[in-house]
Amino acid sequence: MKKVVFPVLICLFLVISCQQKKETEVKKEVSKLSANGEEKMEPKLTIADATTILSKKEVPVLCYHRIRNILASDGNDMKTYSVNPSDFAGQMKALNDNGYQTILPDQLYNYLVYGKSLPKKPILITFDDSREEQFSIGATEMKKYGFKGVFFIMTVSLNKAGYITDAQIKNLSDEGHSIAAHTWDHHMVTKYSGKDWETQFVKPKAKLEKITDKTVSYFAYPFGLWNEAAIPELKKSGYKMAFILSTKRDVSNPLFTVRRIIVPGGMSGQSLLKNIEKKFNK
């Protein structure tokens, strides 16, 4: 009996010793990799619920449409949605001089959902409707301060006179700006049914992804109008977050009702700063 038991015990000891040695080597290797910066073991992230997202401090989000000289003959809407190039330049300077740093939607999403940190004074600068001057004037002026923007593109207008081209979109994306969707033809989301979801959500996303060779995950509602039917369709289409205008966020879907304020014509840099404080720091 002893002749049988003794060899078994020896084998068991060797197996245990070998296993412990391997575990020690693995731990040392992981520690070594982490120290060399080759591998990091990230803690598991907790996904915030709607209540938690709504409790976070809102990040200011600006919305621009036209950057053009306002004319005396312009109608009220044109005056509201247009900003003089000189005013836009003053606004960008005011933001920079007052310590604002632009962030992009990925950063906002990670802040809201995972509690990731942001700069001390973050801000998103967004552009709707794909106008060419957003590229030639807007992006050029922002570049002076290292600012990055979010360009919400309606794909029906691509490459048409006065509108952004495929090449300009690719350039913006390559320069670190965010390209996002603003439907195909700017029809109100509240009127969609049937194949409209594919036409207005799915196809524009695919078109922009083909141009940029990057995933498009963000959307802006035309006129800032939305309804409950749109949100599951946006999610199904692969969007992670959507932007409205200055109305209240939805208590159940804050990620799909992110607030923005339109920057109206005639607003100085100092007036913009005051408006940001008033609208977002309550």
Side-chain angles (χ1 to χ4, degrees), residues 47 61 63-66 102-110 112-114 124-136 138-139 142 148-245 250 253-258 260:
I47 299 175
V61 186
C63 176
Y64 288 94
H65 289 81
R66 302 298 309 270
T102 56
I103 64 168
L104 294 177
D106 280 343
Q107 292 169 276
L108 178 63
Y109 180 86
N110 289 331
L112 293 173
V113 176
Y114 299 118
L124 269 80
I125 300 174
T126 73
F127 300 87
D128 286 7
D129 299 352
S130 323
R131 288 288 182 171
E132 193 279 335
E133 70 262 17
Q134 296 170 2
F135 173 84
S136 59
M142 288 194 297
K148 302 299 180 185
V150 189
F151 293 80
F152 288 107
I153 307 295
M154 54 178 187
T155 50
V156 70
S157 64
L158 288 176
N159 305 307
K160 292 183 178 179
Y163 290 90
I164 275 179
T165 66
D166 290 6
Q168 289 170 334
I169 287 175
K170 181 71 167 93
N171 180 277
L172 288 168
S173 178
D174 290 347
E175 288 290 318
H177 298 280
S178 178
I179 302 301
H182 196 41
T183 75
W184 175 60
D185 63 357
H186 210 267
H187 279 176
M188 277 190 270
V189 169
T190 52
K191 297 183 181 296
Y192 295 172
S193 64
K195 294 183 178 180
D196 292 335
W197 305 114
E198 182 179 1
T199 300
Q200 304 290 356
F201 290 175
V202 178
K203 289 183 178 179
K205 182 178 189 294
K207 174 70 173 175
L208 295 172
E209 288 176 340
K210 184 177 180 180
I211 294 170
T212 62
D213 198 28
K214 294 178 183 177
T215 302
V216 171
S217 301
Y218 306 103
F219 180 87
Y221 303 98
F223 313 103
L225 299 176
W226 66 282
N227 59 13
E228 290 186 6
I231 293 176
E233 295 294 338
L234 283 167
K235 291 178 180 178
K236 187 167 65 176
S237 301
Y239 295 99
K240 294 162 55 175
M241 198 160 60
F243 294 75
I244 57 174
L245 290 175
D250 182 67
N253 294 287
L255 288 177
F256 286 84
T257 51
V258 179
R260 302 185 292 166

Contact summary for S157 and D129, nearest pair of heavy atoms: OG-O, 4.4 Å
Whether Y221 side chain and F256 backbone form a donor-acceptor pair below 3.5 Å: yes
E198 side chain to K195 backbone, donor-acceptor under 3.5 Å: no
Working for side-chain contact (heavy atoms from CB on, under 4.5 Å), residues F243 and L108: CA-CA 12 Å; F243 294 75; L108 178 63; 4.2 Å; yes
Minimum heavy-atom distance between V150 and P105, given as atom pair plus value: CG2-CD, 3.5 Å
Closest approach of A139 to L172 (non-hydrogen atoms, all atoms of both residues): CB-CD2, 3.7 Å
Pair Y192-N227, side-chain contact (heavy atoms from CB on, under 4.5 Å): steps then yes or no: CA-CA 10 Å; Y192 295 172; N227 59 13; over 6 Å; no
Side chain D166, main chain N159, donor-acceptor under 3.5 Å: no
Expected output: side-chain Q134 to main-chain H65 donor-acceptor under 3.5 Å: yes
Short side-chain to backbone donor-acceptor contact, K170 and I211, under 3.5 Å: no
K240 side-chain N/O to Y109 backbone N/O, donor-acceptor pair under 3.5 Å: no
Check: I47 and Y114 side chains under 4.5 Å, non-hydrogen atoms: yes
Backbone of T183 reached by a side-chain donor or acceptor of Q200 within 3.5 Å: no
Full working for side-chain contact (heavy atoms from CB on, under 4.5 Å) between M241 and L112: CA-CA 11 Å; M241 198 160 60; L112 293 173; 4.3 Å; yes
Residue pairs fulfilling ring-ring contact (aromatic ring centres under 6.0 Å, His included) with at least one residue in residues 157-178, sequence neighbours excluded: F151-H177
Can you give each donor-acceptor pair under 3.5 Å made by side-chain atoms of residues 229-238, sequence neighbours left out, with the distance rounded to 0.1 Å?
from : atom 1 : to   : atom 2 : distance (Å)
E233 : OE1    : K236 : NZ     : 3.4
S237 : OG     : E233 : O      : 2.7

Contact check, side chains of Y218 and V258, non-hydrogen atoms, under 4.5 Å: no
Side-chain donor/acceptor of R260 to backbone N/O of L245, under 3.5 Å: no
Approximate separation, where rounding is to 0.5 Å, of D128 CG and Y64 OH: 12.5 Å
Side-chain heavy-atom pair W184, K203 within 4.5 angstrom cut-off: no
Intermediate values then yes/no, side-chain contact (heavy atoms from CB on, under 4.5 Å), F219 and F152: CA-CA 7 Å; F219 180 87; F152 288 107; 5.5 Å; no
Geometric class of the H186/H182 ring pair [parallel <30°, tilted 30-60°, perpendicular >60°]: perpendicular
Side-chain donor or acceptor of D174 paired with backbone N/O of N171 under 3.5 Å: no
Sidechain-backbone polar pair: S130 side chain, M154 backbone, donor-acceptor under 3.5 Å: yes
Nearest atoms (heavy-atom pairs only) where M188 meets L225: SD-CD1, 3.4 Å
